[in-house]
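Presented below is the structure to which this report refers.
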Amino acid sequence: MKNKDRYYLALKENKNQLNEIDLGATIGLDANETRTIIAILLAEHKINYVASSCCHYSVKKKITRKKKNDY
């Protein structure tokens, strides 16, 4: 989905300045499409819900795991 990728990148660059619906509107999405994209990103575990901020969603940080050495 082209719009999903655009919204994900916009969410990364948002830095908690706009709420999620206004952010979608800035890239040309309506409220229903924005909510659908948010649901898909939540299901893919790419974003988190954060209740205490202006934008209620944030991009998950990638966790790097150390490899175990078999000695």
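Atom-to-atom distance recorded for D22:CG and T34:OG1 is 9.5 Å, nearest 0.5 angstrom. Between the CG atom of L29 and the CD1 atom of I27 there is a distance of 4.0 Å, given to the nearest 0.5 Å. The SG atom of C55 lies 13.0 Å from the NZ atom of K15; values are rounded to the nearest 0.5 Å. Going from atom CD1 of I21 over to atom OG1 of T26 covers 11.0 Å, rounded to the nearest 0.5 Å.
No more than 12 heavy-atom neighbours from other residues, nucleotides or ligands sit within 6.0 angstrom of NZ on K12.
Of the residues L11, N14, L9, the one that meets the side chain to side chain contact (heavy atoms under 4.5 Å, CB included) test with V59 is L11.
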Donor-acceptor contacts under 3.5 Å from residues 39-49 side chains, at least two apart:
residue : atom : partner : partner atom : Å
E44     : OE1  : K4      : NZ           : 3.2
E44     : OE2  : K4      : NZ           : 2.9

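Looking only at side-chain heavy atoms (C-beta outward), I37 and Y8 stay at 4.5 Å or farther from each other.
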